[in-house]
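What's counted below: heavy atoms across the whole structure, side chains too, no hydrogens, waters or symmetry copies.
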Amino acid sequence: MPDAKKIVVIGAGVAGLTSALQLSKNGYDVTVVAKFMPGDYDIEYTSPWAGANWMSFVKDNERLANYDRITYRVFQKLVKECPDAGIWPQRCITYVRPEDLKKESDLLGGLLDARPWFADLVENFTTLDPLTLPKGYSHGIAYDSVCINVQVYLPWLQSQCLANGVKIKAVTLKHIKEAVNLHWSGHKADLVVNCTGLFASKLGGVMDSKMYPGRGQTVLVRNHAPAMYNVSGTEDGEDELTYIMSRPGGGTILGGCYQKGNWNGAVDPNLAERIIKRSLELCPELEKEFPLDIVRHNVGLRPSREGGPRVELEDLDGVGKVVHNYGAGGAGYQSSYGMADHVVELVELAFKER
């Protein structure tokens, strides 16, 4: 691609790789530079620790809803056309407690609504019959969604990038301006895309003070659940959650928590016990075939941001045009293609302005 515009994407999590893929599909010559790659496990690298699934919690925000809308459609297509991507269809069920309806929840948002914004988007949406609800819940919804095995999907996404001509380099950056000189061609990049997630708070030239960790902790078990489940709240504290998702290829994620501002990467054994207890109460079918069999405990730091994700174009001294794409919090996978498509739009705008 001798005449293609040269772009360096910083970050090889789901945001960086999806952005790189969509840019390469639009004819750009892309190099991804990152400290961590698919297959790596580190508390600084969020994407491998995700659940993951599509369960939009957007409320009254068309920009974020559009990100999730676009991604839902892509995931549905991948389910049908790319069985090797590690995405599979699964029924998603949400139960809402009456006491949670009075709360303002940044995490659950529209999921508390009897008819959330995505009711006409997803397949087979239904409001659950109150007579079928477990004790203690005021209402519930169910719809067809997807669960993603991130240990399969991230390497698949990387392979799609490579097949489309993207070059990937392992690099540790201290300042965003370093990225300009890291294009595989040896030439300066025409534009940089910043997908550094939580590291955007520490990267020189960015230092986004609005970023904060949303600590999550889960338990991966070998057991199977008949559907994905999510509950609006727990009796164990405002920052604790209950959700269950069975992954394609085996194993089920039990969660969880959302601990704002907590950087601790160590497993909390007491929290793990509460997660297991709540999960078995919600879904006793987990032990239908055999007792709970734990694979491992996970801790990840969601790249959350005050005011929502940053997807915008900026002109930085010493760097030039930069498109930022970070701060999706717990929506990193379910908004990934929508945010990446927005990146492509901003890149095209940046080159038109020159």
Side-chain angles (χ1 to χ4, degrees), residues 14-15 18 22 50-83 85 87-98 100-134 137-148 153 225-233 241-246 248 282 307-309 311 325 327-345:
V14 67
T18 310
Q22 298 304 85
N53 66 355
W54 192 99
M55 187 179 64
S56 179
F57 39 80
V58 173
K59 186 177 179 68
D60 300 328
N61 190 315
E62 180 54 30
R63 175 177 75 109
L64 301 186
N66 194 49
Y67 291 159
D68 290 359
R69 181 184 297 112
I70 290 169
T71 308
Y72 180 85
R73 290 169 176 160
V74 173
F75 283 164
Q76 292 297 319
K77 184 178 180 182
L78 291 176
V79 164
K80 297 172 184 176
E81 299 179 3
C82 302
I87 304 174
W88 77 335
Q90 202 171 20
R91 196 72 172 152
C92 188
I93 299 171
T94 295
Y95 296 125
V96 178
R97 305 185 308 166
D100 296 326
L101 293 172
K102 304 173 185 178
K103 302 174 183 176
E104 288 292 329
S105 173
D106 292 335
L107 184 61
L108 294 174
L111 279 176
L112 299 178
D113 297 340
R115 190 171 179 84
W117 74 268
F118 56 79
D120 295 323
L121 167 69
V122 298
E123 297 179 8
N124 300 312
F125 177 89
T126 186
T127 299
L128 300 178
D129 184 339
L131 296 178
T132 68
L133 296 175
Y137 298 101
S138 62
H139 68 270
I141 59 173
Y143 54 94
D144 292 348
S145 187
V146 297
C147 185
I148 304 159
Y153 180 70
M228 287 192 293
Y229 297 93
N230 176 56
V231 174
S232 62
L241 309 168
T242 302
Y243 55 86
I244 298 170
M245 55 186 86
S246 286
L282 177 63
V311 187
N325 177 16
Y333 282 83
Q334 71 186 28
S335 65
S336 56
Y337 284 93
M339 293 177 73
D341 284 355
H342 193 182
V343 167
V344 173
E345 292 174 8

**Asked** Within a strict 4.5 Å, meaning less than it, do heavy atoms of the Tyr243 and Met228 side chains meet?
**Response** no

**Request:** Provide the closest heavy-atom pair for Gln22 versus Ala340 in the form atom of the first, atom of the second, distance.
**Result:** CG-CB, 3.7 Å

**Item:** From Tyr67 atom OH to Asp341 atom CG, the distance as rounded to the nearest 0.5 Å
**Value:** 10.0 Å

**Prompt:** Do the rings of Tyr95 and Tyr229 sit parallel, tilted or perpendicular, given the 30° and 60° boundaries?
**Reply:** parallel

**Prompt:** How would you list, by chain and number, every residue that makes a side chain to side chain donor-acceptor pair (under 3.5 Å) with Asn230, sequence neighbours excluded?
**Reply:** none

**Request:** Could you please spell out the steps behind the side-chain hydrogen bond (donor to acceptor under 3.5 Å, both in side chains) verdict for Trp54 and Thr71?
**Result:** CA-CA 8 Å; Trp54 192 99; Thr71 308; 5.6 Å; no

**Request:** Could you check Tyr137 against Val231 for side-chain contact (heavy atoms from CB on, under 4.5 Å), going step by step and ending with a plain yes or no?
**Result:** CA-CA 9 Å; Tyr137 298 101; Val231 174; 3.6 Å; yes

**Prompt:** Any side-chain heavy atom of Phe118 within less than 4.5 Å of one from Asp68?
**Reply:** no

**Item:** side chain to side chain donor-acceptor pair (under 3.5 Å) against Arg91, all qualifying residues, sequence neighbours excluded
**Value:** Asp144

**Message:** Checking side chain to side chain contact (heavy atoms under 4.5 Å, CB included) between Gln90 and each of Ser246, Ser145, Pro226, which is the one that passes?
**Reply:** Ser246

**Prompt:** Can you name the closest pair of heavy atoms from Pro309 and Leu64 and give their distance?
**Reply:** CG-CD2, 3.5 Å

**Request:** Indicate yes or no: at least one non-hydrogen side-chain atom of Tyr153 is less than 4.5 angstrom from one of Pro248.
**Result:** no

**Candidate pair Leu128 and Ile93, rule side-chain contact (heavy atoms from CB on, under 4.5 Å), full reasoning** = CA-CA 9 Å; Leu128 300 178; Ile93 299 171; 3.9 Å; yes

**Asked** Does any N or O in the side chain of Gln334 come within less than 3.5 Å of the main-chain N or O of Met55, such that one atom is a donor and the other an acceptor?
**Response** yes

**Item:** Check ion pair Arg69-Asp120 (N to O, under 4.0 angstrom)
**Value:** no

**Item:** Worked verdict on Tyr333 versus Ile87 for side-chain contact (heavy atoms from CB on, under 4.5 Å)
**Value:** CA-CA 11 Å; Tyr333 282 83; Ile87 304 174; over 6 Å; no

**Side-chain touch Asp100/Ser138, heavy atoms, less than 4.5 angstrom** = no

**Gap between atom CZ of Arg115 and atom OG1 of Thr126 - 0.5 Å precision** = 9.5 Å

**Prompt:** Between Phe75 and Ser336, which heavy-atom pair has the shortest distance, and what is it?
**Reply:** CZ-OG, 4.1 Å

**Prompt:** Has the side chain of His139 got a donor or acceptor atom that lies under 3.5 Å from a matching backbone atom of Pro98?
**Reply:** no

**Any donor-acceptor N/O pair, Thr94 side chain to Ile141 backbone, under 3.5 Å** = no

**Request:** For Ala65 and Val58, work out which heavy atoms get closest and say how close.
**Result:** N-CG1, 3.8 Å

**Asked** Nearest 0.5 Å, what's the CD1-SG distance between Ile244 and Cys92?
**Response** 11.5 Å

**Item:** Closest non-hydrogen atom pair between Arg63 and Gly308, with its separation
**Value:** NH2-C, 4.5 Å

**Message:** Ignoring hydrogens, what is the shortest heavy-atom contact between Ser232 and Leu112? Give both atom names and the distance.
**Reply:** CB-CD2, 3.5 Å

**Prompt:** Hey, mind stepping through Glu123 and Gln76 against side-chain contact (heavy atoms from CB on, under 4.5 Å) and telling me if it holds?
**Reply:** CA-CA 10 Å; Glu123 297 179 8; Gln76 292 297 319; 4.1 Å; yes

